[in-house]
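First the structure, in the form of structure tokens, and then the observations on it.
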Amino acid sequence: MITLASPAKVNVFLRILRRRADGYHELASLFQAISLCDHIHVALADQDHLSCTDPKVPTGSSNLIWKAVDVFRAHTGMYFPVKIHLDKHIPMEAGLGGGSGNAATALWALNCLSGANVADDELQKWGAEVGSDVPFFFSTGSAYCTGRGEIVRSIDPLQNMQLFICKPPKGLSTQSVYAHLKANQLEPRNPDRCLESFMEGIPVYFNDLEETAFSLMTQLRALKEQLQTSHFENVLMAGSGTSLVCFGASDTAFAPDPSFFTCQASYINRSSGEWYNIE
Ligand code: C5P
């Protein structure tokens, strides 16, 4: 049996450039892996089985873990049954890439268990067949992602940052946020310049999906304002929401509604040849 941490991600900035003819959106985003994580246990078994600590998580074929297993089997021709248990901590419909990270982690686990010895960059390509955010997790944990998200360039680790994450119970589906986005009405920032600015030590935090998500769920805008009033300097929605990520420490205590998901986290990176090591 193999047990691996499956991290979440945040988008330090997320620029949406245009809607493509295939319905996806061309984006440019600085992705960062964080210490909030699930744990995945994978073992060889007599038949396929997926269980999860959270009863709300679907364990059938719609779960991205099974899509990853199918992709691994199709590419390697290896069809051994597996028993997988998912210890879930990352909220769903949160924009934190929980399901995508699970799929990437499952690919890594199957590669280890099977002895197939597939190279990281090949697993990364297979990940793109599962979902746009899956390839990122095969980076070093800090990456500039373009295309629909699947073109991944690892960058030097960012200076670590204390994070506070806050999410109301209601989620938003990625598909619906993108469907409502008016990509031609966004501020025409140059994302390459944003990355350069970051590397020069002048961070720029923004998310082009924020306004659309706020219009679909007004409670989110109010929550962002509340967090900013609590003296979090940079508050940003993660991916397509509905998590809000506060970068840095606050000088005032914030007491959210008790029904909200909250956690503290930090940036994490991984070394070549190893998966994410999170204490
Ligand atoms: O690739 P993935 O299946 O994770 O994408 C989920 C949905 O998010 C897509 O069906 C699409 O509606 C939207 N999406 C998009 N542009 C992207 C990534 C996702 O429009 N770059």
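Please read all numbers here as calculations on a predicted model, not as lab measurements. In listed order, ligands and their atoms are each counted from 1.
The contact set between ligand 1 and L27, taken as ligand atoms under 4.0 Å from a residue heavy atom, comprises 21 (N). The Q175 neighbourhood of ligand 1 comprises atoms 12 (O), with distances under 4.0 Å to a heavy atom of that residue. Within the listing of ligand 1, atoms 15 (C), 16 (N), 17 (C), 20 (O), 21 (N) sit less than 4.0 angstrom from a heavy atom of H25.
For the pair G23 and ligand 1, a heavy-atom separation below 4.0 Å is found. Put simply, part of T174 is less than 4.0 Å from ligand 1, judged by heavy atoms.
At least one N or O atom of R148, backbone or side chain, sits closer than 3.5 Å to an N or O atom of ligand 1.
Under 4.0 angstrom from ligand 1, the non-hydrogen atoms of Y24 come from both its backbone and its side chain.
For atom 13 (C) of ligand 1, the closest non-hydrogen atom of the protein is Y178 CD1, 3.4 Å. Protein heavy atom nearest atom 1 (O) of ligand 1, with residue, atom name and distance: S132 OG, 2.5 Å.
Without hydrogens or angle criteria, K9 side chain to F137 main chain gives no donor-acceptor distance under 3.5 Å.
Using a 30° and 60° split on the angle between ring planes, F206 and F13 fall in the parallel class, below 30°.
Residues G99 and K88 come closest through the heavy atom pair N-NZ, 4.4 Å. When every heavy atom of I2 is checked against every heavy atom of C112, the shortest pair comes out as CD1-CB, 3.7 Å.
No side-chain heavy atom of C246 sits less than 4.5 Å from a side-chain heavy atom of F254.
Under a 4.0 Å N-O distance rule, the pair E210/R221 does not qualify as a salt bridge.
In E200, the CD atom is crowded: over 12 heavy atoms of neighbouring residues, nucleotides or ligands sit closer than 6.0 Å.
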